[in-house]
Engineer: 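What follows is a single structure, and I will ask about it in a moment.
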Amino acid sequence: MNFSEMAENVGLTVDEFVEIAHGFIEATQSDLLQLKAAMEASMPQQISATAHSIKGAALTFGFERMHAAALAVERHARANDLDSVPEAVQRIEMELGAIAFALREDGRVRL
């Protein structure tokens with residue numbers, strides 16, 4: 001991931017971007033817990049709302065693949081197609097792991 005380019009796109013220094021991205025990871029981990037609880041309870045409105053939150057944050061940072069996965073979760077939940085939600089949630093988790101790995105590799109933030 002090119003954090004310099006991503007930072008420039010949102011008007012931040014690289015160090016600012018990386019620090020805020022660390023907070024994004026923590027918030028998204030919490031959102032994923034809520035998302036999974038809503039999935040277990042078969043609550044499509046809550047699934048959609050939580051995915052919407054993840055989607056917006058991912059778009060703000062330029063994490064396009066995570067944005068696409070969250071959009072898929074949101075659309076499936078709105079269509080009450082809960083069988084398709086777990087695969088898209090897994091993609092969100094994979095993207096979050098990739099972002100966290102890239103931040104660790106960058107060395108500016110310890111996760």
Side-chain angles (χ1 to χ4, degrees):
M1 288 181 196
N2 185 336
F3 294 125
S4 295
E5 183 179 308
M6 295 169 102
E8 185 177 320
N9 288 340
V10 293
L12 298 171
T13 68
V14 176
D15 289 336
E16 290 169 334
F17 181 87
V18 168
E19 188 63 35
I20 293 170
H22 181 264
F24 166 81
I25 288 172
E26 291 176 356
T28 303
Q29 288 171 333
S30 176
D31 285 344
L32 279 167
L33 292 175
Q34 291 177 13
L35 192 55
K36 289 177 180 181
M39 288 168 47
E40 288 180 24
S42 296
M43 299 172 63
Q45 289 179 330
Q46 183 64 36
I47 294 168
S48 177
T50 304
H52 183 80
S53 175
I54 294 169
K55 179 185 77 171
L59 184 62
T60 298
F61 282 97
F63 299 134
E64 295 173 10
R65 289 187 303 248
M66 182 181 288
H67 171 264
L71 176 61
V73 171
E74 184 179 23
R75 286 183 176 165
H76 290 307
R78 285 187 179 170
N80 206 28
D81 177 14
L82 300 185
D83 291 336
S84 298
V85 169
E87 182 182 331
V89 169
Q90 186 177 30
R91 288 196 324 261
I92 292 172
E93 289 178 305
M94 289 172 43
E95 287 305 317
L96 187 62
I99 294 164
F101 178 79
L103 287 170
R104 279 192 302 271
E105 288 295 303
D106 182 79
R108 287 184 177 85
V109 175
R110 296 236 189 301
L111 300 177

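Since this is a predicted model, take the numbers as computed values, not measurements.
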Engineer: Enter the distance from Leu32:CG to Ile25:CD1 here, rounded to the nearest 0.5 Å.
Structural biologist: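 Reported to 0.5 Å precision, the distance equals 11.5 Å.
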
Engineer: So how far is it from His67 NE2 to Ile54 CD1, rounded to the nearest 0.5 Å?
Structural biologist: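 Result: 12.0 Å between the selected atoms.
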
Engineer: Is there side-chain contact between Met66 and Leu96, with heavy atoms separated by less than 4.5 Å?
Structural biologist: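 Contact flag for Met66/Leu96 side chains = yes.
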
Engineer: With a 4.5 Å heavy-atom cut-off, do Glu95 and Arg91 have their side chains touching?
Structural biologist: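 Counting from C-beta outward, Glu95 and Arg91 never come under 4.5 Å.
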
Engineer: Would you find a donor on one side and an acceptor on the other, under 3.5 Å apart, between the side chain of Thr60 and the backbone of Gly56?
Structural biologist: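 Confirmed, Thr60 side chain pairs with Gly56 backbone.
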
Engineer: Can you see which heavy atom on Ile92 is nearest to which on Ala70, and at what distance?
Structural biologist: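 Residues Ile92 and Ala70, closest heavy atoms: CD1-CA, 3.7 Å.
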
Engineer: Under a 4.5 Å side-chain heavy-atom rule over Ile, Leu, Val, Met, Phe, Trp and Tyr, are Phe61 and Leu71 clustered together?
Structural biologist: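 No: no chain of side-chain contacts under 4.5 Å links Phe61 to Leu71.
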
Engineer: Is a side-chain donor-acceptor pair under 3.5 Å present for Glu26 with Ser30?
Structural biologist: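 Absent: no donor and acceptor within the cut-off.
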
Engineer: Provide the full list of salt bridge (Lys or Arg N to Asp or Glu O under 4.0 Å) pairs with a residue in residues 77-86, sequence neighbours left out, each pair given once.
Structural biologist: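 Output for this query lists Glu74-Arg78.
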
Engineer: Is the CD atom of Glu8 crowded by more than 12 outside heavy atoms at less than 6.0 Å?
Structural biologist: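 No - once you tally the heavy atoms of other residues, nucleotides and ligands closer than 6.0 Å, there are 12 at most.
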
Engineer: Any idea which heavy atoms bring Leu35 and Ala51 closest together, and the distance?
Structural biologist: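 Closest approach of Leu35 to Ala51: CD1-N, 4.4 Å.
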
Engineer: Taking C-beta and beyond as the side chain, do Glu87 and His76 meet within less than 4.5 Å on heavy atoms?
Structural biologist: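 No; the side chains remain at least 4.5 Å from each other.
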
Engineer: Looking at Glu5 and Asn2, what are the two nearest heavy atoms and their distance?
Structural biologist: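 Taking every non-hydrogen atom into account, N-OD1, 2.9 Å.
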
Engineer: Atom CG in Asn9, atom OG in Ser4: separation rounded to 0.5 Å?
Structural biologist: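 Between atom CG of Asn9 and atom OG of Ser4 there are 11.0 Å.
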
Engineer: Do other residues, nucleotides or ligands put more than 12 heavy atoms under 6.0 Å from Gln90 CD?
Structural biologist: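 Atom CD in Gln90 is not packed in, count stays at 12 or less.
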
Engineer: Quick one: are Ile99 and Phe24 in side-chain contact, heavy atoms under 4.5 Å?
Structural biologist: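 Side-chain contact under 4.5 Å: yes.
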
Engineer: Ser48 and Ala77: which non-hydrogen atoms are nearest, and at how many Å?
Structural biologist: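 That closest heavy-atom pairing would be N-CB, 3.7 Å.
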
Engineer: Could you state the interatomic distance from CD (Glu93) to CD (Gln29), rounded to the nearest 0.5 Å?
Structural biologist: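 Glu93 CD to Gln29 CD: 10.0 Å, rounded to 0.5 Å.
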
Engineer: In terms of hydrophobic clusters joined by side-chain contacts under 4.5 Å, are Val18 and Ile20 together?
Structural biologist: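 Same cluster.
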
Engineer: Quick one: OG1 on Thr50 to CD on Gln45, what's the gap to the nearest 0.5 Å?
Structural biologist: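 It is 11.5 Å, given to the nearest 0.5 Å.
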
Engineer: Evaluate the ring planes of Phe3 and Phe17, with Trp represented by its six-membered ring, and classify them as parallel (under 30°), tilted (30 to 60°) or perpendicular (over 60°).
Structural biologist: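 It falls in the tilted class, 30° to 60°.
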
Engineer: Any heavy-atom pair between the side chains of Met6 and Phe63 that's under 4.5 Å?
Structural biologist: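 SC-SC contact between Phe63 and Met6 confirmed.
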
Engineer: Roughly how far, to the nearest 0.5 Å, is the CG atom of Asp31 from the NZ atom of Lys55?
Structural biologist: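 Taking NZ in Lys55 and CG in Asp31, the distance rounds to 13.5 Å.
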
